[in-house]
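If you're wondering where the values come from, they're calculated on a predicted model, not measured in any experiment. Both backbone and side-chain heavy atoms feed into the values below; hydrogens, waters and symmetry mates do not. Letters go in sequence order (proteins before strands), and every chain restarts at 1.
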Amino acid sequence: MGSIDVLIFAKLREKVGSNYLSVTVGSESTPRDEFFDLILSQYPEFAEIVKTCALAVDNAYTSADTIITKNSEVALILPVSGG
Amino acid sequence: MKAIESDEIYVALTESAIDIQAGYSYVNHPECGGIASFVGTTRSFYGNRKVSRLEYEAYEGMALSEMERICKKAKELSNGSLYRLWVVHRIGVVPVQEASIAIYASSPHRKEALDGVNFIIDEVKSVVPIWKKEFYDGFVESSSWKTCQRCLVAFSNDPSLSRTLNKLDVTAPSAECDNSTSDCAEESLGAEWKMNTEWSRPDPK
């Protein structure tokens, strides 16, 4: 039980008006897909843009078997436009 | 300036002007007969809009680690033909005509150096978490976060992002979409949303 702050950037950061979204979790560890659904359900007003994002954990893109814990650094990555 | 340096790879993010000469100096090596480079600069026009400046934002830690990972991959793919790699991306405001990214690669022969630079810029544009905001003259309050078309394709091709993509149902941009106007990028994102409506939201109990 507790919450995990998800880092957000660029257009999403501007829409939210903050550098993170605090996501309430129900257990010590949450599978990536379940965590993604938690974000969507807790922030329906941003769901449209969140759905365009990839989830990163500890500075790397995730796969379905990634587990998120309280110690994870989690971020929503919008389609990028660097270069 | 935040940087990572290891195994003859140097990657950095900087908020000031990129020191192009430093890249040349870093990769220059007595066993290398070829140095290739790419410098991306801010254009004054995007489609039919006049661009006054660009602003870049990065997820710094991940951007650096992805840049380093890409350089390691480039060296691996070159079978040791790439000697030194130098990649610097500018963050914050980048005025017109100034460099947003500079890449240098050295190799005993030119082809590997040129291929290496090409690989790196393609990968950077596909996956490195950096976002560009364009500001247009005459539309003081008007600006838009750009979506790199290559990025959308990369997202759609990367199986590790399948979960996101199942929800997105992202497809490659249509052949008609050359991303030549800012409206085009907006339309691409709009198209993604339309497909997303097929996805059923989790029960918020």
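A distance of 10.5 Å separates CG in Leu76(A) from OH in Tyr59(B), rounded to the nearest 0.5 Å. Rounding to the nearest 0.5 angstrom, the gap separating the CD atom in Glu60(B) from the CG atom in Asn59(A) is 11.0 Å. Taking OG of Ser81(A) as the reference point, atom NZ of Lys125(B) lies at 8.5 Å (rounded to 0.5 Å). Note: Ile77(A) CD1 to Met62(B) CE = 4.5 Å, rounded to the nearest 0.5 Å.
Heavy atoms closer than 4.5 Å to chain A are found nowhere in Ala63(B), neither backbone nor side chain.
Looking only at distances, no side-chain donor or acceptor of His89(B) sits under 3.5 Å from a matching main-chain atom of Gly82(A).
At a threshold of 4.5 Å between non-hydrogen side-chain atoms, the residues Arg13(A) and Trp131(B) do not count as touching.
Of all heavy-atom pairs between Gly83(A) and Ser100(B), the closest is O-OG, 3.2 Å.
Around OH of Tyr43(A), the count of heavy atoms belonging to other residues, nucleotides or ligands within 6.0 Å exceeds 12. With a 6.0 Å radius and a threshold of 12 heavy atoms from other residues, nucleotides or ligands, Asp5(A) has its CG atom above the threshold. Dense packing is recorded around CZ of Phe46(A), with more than 12 heavy atoms of other residues, nucleotides or ligands lying under 6.0 Å away.
The pair Glu57(B)-Lys11(A) does not meet the salt-bridge criterion, since no charged nitrogen lies less than 4.0 angstrom from a carboxylate oxygen.
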